[in-house]
Amino acid sequence: YKKELMSAYTTYYYDFETHRIRVKDECIQMCIDALDSKARNYYKERNKLLKVLYKDVTVPYQCCIISSESEHGKCFNGRDCALQMLRWIYNNTKVKTSGHEDGKKIRKGKKALLVAHNAGFDVRFLRPHLSRQEFKSRGNKLMRGNAHFYVSKGCSIELELADSLNFIA
């Protein structure tokens, strides 16, 4: 039954390329400005805030994906590469039927299995775009997850997320 169920999914293998940037926290800057505007000297408080004014953030700049049904992959560039990839998956996944042949629990819809090496890291770039998220993890490792990506009202794809490290171990 599990094998029959998974045949309803189109499998995609993906990976993000990232870099770290320094970002200024505008809320902390507002606090510093408020301290500067006061008549009393808040030297110690101001110095504490200055130490955490900037933080390092990991952002994606490229995402590449390949389908198990195709020989050709696709790469997406820019800060919105995760959203570009999800839209591409929706547009390139065929509607399939899953369920039992006896007529019970038959469902049609777009379904995709997304596999990444160290998916716990890569999935953080997808999460802001996903709904109905359920993730199972052990420690900081993602074991498995599922979610839905909504393109517009009535147009969605069911996503199953897996980590290739779990296939090895």
Side-chain angles (χ1 to χ4, degrees), residues 1-23 25 52 55-169:
Y1 172 73
K2 202 174 216 181
K3 191 174 187 180
E4 181 183 310
L5 182 67
M6 290 314 291
S7 69
Y9 287 80
T10 303
T11 303
Y12 295 96
Y13 302 93
Y14 72 99
D15 188 33
F16 282 98
E17 296 300 323
T18 62
H19 62 266
R20 293 182 63 81
I21 60 171
R22 289 187 65 77
V23 177
D25 189 326
V52 293
K55 59 183 175 183
D56 290 334
V57 178
T58 303
V59 293
Y61 65 86
Q62 185 179 58
C63 179
C64 294
I65 186 168
I66 189 166
S67 168
S68 61
E69 298 176 357
S70 170
E71 295 177 17
H72 305 289
K74 177 89 171 146
C75 288
F76 305 94
N77 297 303
R79 283 189 138 176
D80 67 337
C81 59
L83 183 58
Q84 293 176 46
M85 180 188 76
L86 289 169
R87 287 181 177 149
W88 184 86
I89 290 170
Y90 176 81
N91 291 329
N92 289 280
T93 302
K94 296 178 180 119
V95 174
K96 294 184 180 180
T97 304
S98 66
H100 301 289
E101 290 185 17
D102 61 3
K104 297 178 184 173
K105 295 184 181 179
I106 290 188
R107 296 183 348 179
K108 286 186 177 182
K110 292 187 173 199
K111 297 178 179 122
L113 171 63
L114 303 182
V115 180
H117 185 74
N118 192 12
F121 176 79
D122 288 342
V123 79
R124 74 167 115 172
F125 306 118
L126 300 175
R127 288 186 85 157
H129 310 292
L130 301 178
S131 301
R132 296 170 50 191
Q133 301 177 21
E134 291 182 33
F135 293 99
K136 293 176 180 44
S137 55
R138 184 180 301 145
N140 60 356
K141 282 181 62 174
L142 175 72
M143 302 307 286
R144 202 146 187 94
N146 59 354
H148 285 76
F149 174 64
Y150 289 91
V151 178
S152 62
K153 188 173 182 175
C155 298
S156 69
I157 184 167
E158 183 181 330
L159 302 172
E160 184 82 23
L161 296 109
D163 192 333
S164 63
L165 287 172
N166 295 330
F167 299 153
I168 299 167

Mind listing the closest non-hydrogen atom pair of [X] and [Y] along with its distance?
| X | Y | value |
| --- | --- | --- |
| Asp122 | His117 | OD2-O, 3.8 Å |
| Cys81 | Tyr61 | SG-C, 4.1 Å |
| Ala82 | Leu126 | CB-CD2, 4.0 Å |

Partner residues of [X] under the side chain to side chain donor-acceptor pair (under 3.5 Å) criterion, sequence neighbours left out:
| X | value |
| --- | --- |
| Tyr14 | none |
| Ser67 | none |
| Asn91 | none |
| Arg124 | none |

Taking the side chain as C-beta and beyond, is there a heavy-atom pair between [X] and [Y] under 4.5 Å?
| X | Y | answer |
| --- | --- | --- |
| Val59 | His19 | yes |
| Val115 | Thr11 | yes |
| Lys110 | Ile89 | no |
| Tyr150 | Arg132 | yes |

Residues that [X] engages under side chain to side chain contact (heavy atoms under 4.5 Å, CB included), provided they are two or more places apart:
| X | value |
| --- | --- |
| Gln62 | Glu17, Cys64, Cys75, Asn77 |
| Val23 | Ile21, Val57 |
| Thr18 | Phe16, Thr58, Pro60, Phe121, Phe125 |
| Leu83 | Arg87, His129, Phe149 |

If you measure from [atom1] on [X] to [atom2] on [Y], what distance do you get to the nearest 0.5 Å?
| X | Y | atom1 | atom2 | value |
| --- | --- | --- | --- | --- |
| Tyr12 | Ile66 | OH | CD1 | 11.5 Å |
| Leu114 | Asn146 | CG | CG | 11.5 Å |
| Met85 | Asn92 | CE | CG | 12.0 Å |
| Ile157 | Thr93 | CD1 | OG1 | 3.5 Å |

Quick one: ring pair (Phe, Tyr, Trp, His ring centres under 6.0 Å) partners of Phe135, sequence neighbours excluded? none
Taken in chain and number order and not counting sequence neighbours, the residues that satisfy ring pair (Phe, Tyr, Trp, His ring centres under 6.0 Å) with Tyr90 are none
Ion pair Arg144/Glu160, N-O distance below 4.0 Å: yes
Is there a side-chain contact (heavy atoms from CB on, under 4.5 Å) between Val123 and Asp163? Walk through the geometry before answering. CA-CA 10 Å; Val123 79; Asp163 192 333; over 6 Å; no
Salt bridge (charged side-chain N to carboxylate O under 4.0 Å, His left out) with Arg79: which residues, sequence neighbours excluded? none
